[in-house]
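As structure tokens, the structure follows; a few thoughts come after it.
In the text below, chain A, chain B and the rest are named by the order of the sequence lines, each starting its count at 1. Small disclaimer: the values here were computed from a predicted structure and weren't measured.
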Protein chains: 2
Amino acid sequence: MVDSHALTAIAAAEFDRDRIGEKGQQILLGAMPEFLQRGYAGTSMERVAKAAGVSKQTLYSYFVDKDDLFVTLVKYLAAQQFQLVWSEPLVGAPDVVLPAVARRMLSKIGSEPQYFDFCRLVIAESGKRPELSQAFLANVAKPAIATLTSYLRDCPILNLADPEATARIFVGTIVHHVLMQDVLHGAAIAPFSADRLVEQLVTLVLGQQRPSS
Amino acid sequence: MVDSHALTAIAAAEFDRDRIGEKGQQILLGAMPEFLQRGYAGTSMERVAKAAGVSKQTLYSYFVDKDDLFVTLVKYLAAQQFQLVWSEPLVGAPDVVLPAVARRMLSKIGSEPQYFDFCRLVIAESGKRPELSQAFLANVAKPAIATLTSYLRDCPILNLADPEATARIFVGTIVHHVLMQDVLHGAAIAPFSADRLVEQLVTLVLGQQRPSS
DNA sequence: GTCTATATTTAGATAGAC
DNA sequence: GTCTATCTAAATATAGAC
């Protein structure tokens with residue numbers, strides 16, 4: 001059985017590849033670090049052209065304007081981000097699966113500076129471009145929560161009162177941790193161990209927190 | 001007893017008021033919606049001048065350049081944000097304090113569009129301006145976690161194994177919820193009830209989740 | 001102190017050579 | 001199809017009138 005969200009993400013990725021062509025991908029590859037590091041308004045088409053190794057006119061033959069290039073790039077990246085974390089299914093006992101999921105999330109989204117910049121970019125533009133942030137959510141956050149919810153719901157040992165709420169607590173805690181520690185540079189002023197956070201988080205979900213002495 | 005973080009935040013706010021003057025505040029007030037809605041690179045000094053009701057030259061007599069104006073504004077806002085949520089101390093039993101804290105956070109940061117834009121702005125610029133995101137953390141996230149950690153640690157009923165980790169789970173879950181539902185417009189594609197999330201969150205912390213049937 | 005007018009640079013987008 | 005050269009608008013910042 002293949003999850004429906006996996007099909008959606010793969011379909012989105014192939015959709016973009018087919019519509020753009022080889023040089024179109026070369027342009028997207030050059031535009032990516034520019035937009036990721038400088039944001040939409042801070043990026044010039046001149047710099048994108050130089051970074052992609054083409055002229056400005058070539059940009060405008062593949063994309064109607066700066067907006068089109070930007071939206072195409074973000075949707076392309078959103079479709080790719082999905083495979084990073086949730087490609088492998090969750091199988092096994094919760095006391096081994098939950099820490100493994102947390103570690104997988106941390107090692108993927110918590111160690112790739114490019115992912116930090118992608119989050120910054122999507123959040124930065126979310127006010128003016130709701131459809132981009134929703135594409136990000138649909139391809140990354142939503143399947144993550146859905147996958148974990150299914151696992152928690154179907155896990156016979158746990159028998160949770162509200163699996164989806166628990167999944168959102170789990171994912172939310174880890175994402176928030178990465179956001180504070182890495183994206184917002186909180187590690188330098190208020191460091192906190194990811195392992196310690198995960199341990200307490202897993203303990204709470206498993207319902208094994210210490211009883212009152 | 002007054003918490004040390006409260007003193008820091010108040011001191012920062014008064015610091016800015018004294019150094020800028022009355023017309024300086026008028027400029028900041030005009031610049032605020034521009035930067036909040038358009039971001040740093042997307043905001044022009046021309047628009048700021050018009051919004052503040054002064055000429056461009058007046059801007060440059062109060063602030064050396066666009067960068068100076070922006071940094072001053074963000075630090076000014078960061079100093080103000082603190083008072084919104086954590087001005088009142090936490091007293092009472094955890095089964096009533098924890099839901100109250102969650103509701104207070106949701107009603108403050110989850111219902112003010114200006115706060116969404118402020119988060120977007122800080123996160124957007126966090127790559128190039130670590131000191132701004134750290135000012136935001138020091139004035140908002142850090143005292144929030146510290147206040148809740150103190151409460152959880154000193155609460156005789158709970159006797160938690162790791163109060164700070166628990167506080168970070170609590171705050172992280174709610175902030176992540178607001179970020180996904182409101183800032184990134186997830187409510188339109190994957191809505192989830194805040195009350196339901198808080199209920200499960202409080203249940204987990206209190207250690208009252210349902211036992212296996 | 002504050003504004004009008006301007007200098008200079010750089011942006012997005014296009015025309016035309018090849 | 002791709003590049004060079006260019007147009008027009010808008011950006012930051014400043015000079016000089018009042």
Separation of C:dA11 C1' from A:Glu34 CD (nearest whole Å): 14 Å

Nearest-0.5 Å distance that lies between atom CG in B:Leu28 and atom CZ in B:Phe35: 10.0 Å

Ion pair check, B:Arg168 and B:Glu164, cut-off under 4.0 Å: yes

Between C:dG12 (P) and A:Phe70 (CZ): distance, integer Å: 13 Å

Sugar-phosphate, base or nothing in reach of B:Phe63, heavy atoms under 4.0 Å: nothing

Protein-nucleotide distance (B:Asp68, atom CG; D:dT12, atom C1'), rounded to Å: 14 Å

Side-chain N or O of A:Ser44 closer than 4.0 Å to phosphate OP1/OP2 of C:dT10: no

Phosphate contact (D:dG1 OP1 or OP2) by A:Thr58 side-chain N/O below 4.0 Å: no

Short N-O contact, B:Asp67 and B:Arg129, less than 4.0 angstrom: yes

Parallel, tilted or perpendicular: rings of B:Phe136 and B:Phe118 (30°, 60°): perpendicular

Rounded distance in Å - CD (B:Gln57) to P (C:dT6): 15 Å

Spacing of B:Met45 atom CE relative to C:dT10 atom P, expressed in whole Å: 18 Å

Gap between atoms NZ and P, on B:Lys50 and C:dC3 respectively (whole Å): 14 Å

5'-most by nearest nucleotide on DNA chain D - A:Glu46 or A:Tyr62: A:Tyr62

Nearest-Å distance for atom pair CG/P, residues B:Leu59 and C:dG1: 17 Å

Distance-only donor-acceptor check, side chains A:Glu125 and A:Ser133, under 3.5 Å: no

Spacing between B:Tyr60 atom OH and D:dG16 atom C1', to the nearest angstrom: 17 Å

Nucleotide nearest A:Lys66 when distance is taken to its side chain, options C:dC3, C:dG12, D:dT2: C:dG12

Sugar-phosphate, base or nothing in reach of A:Lys56, heavy atoms under 4.0 Å: base

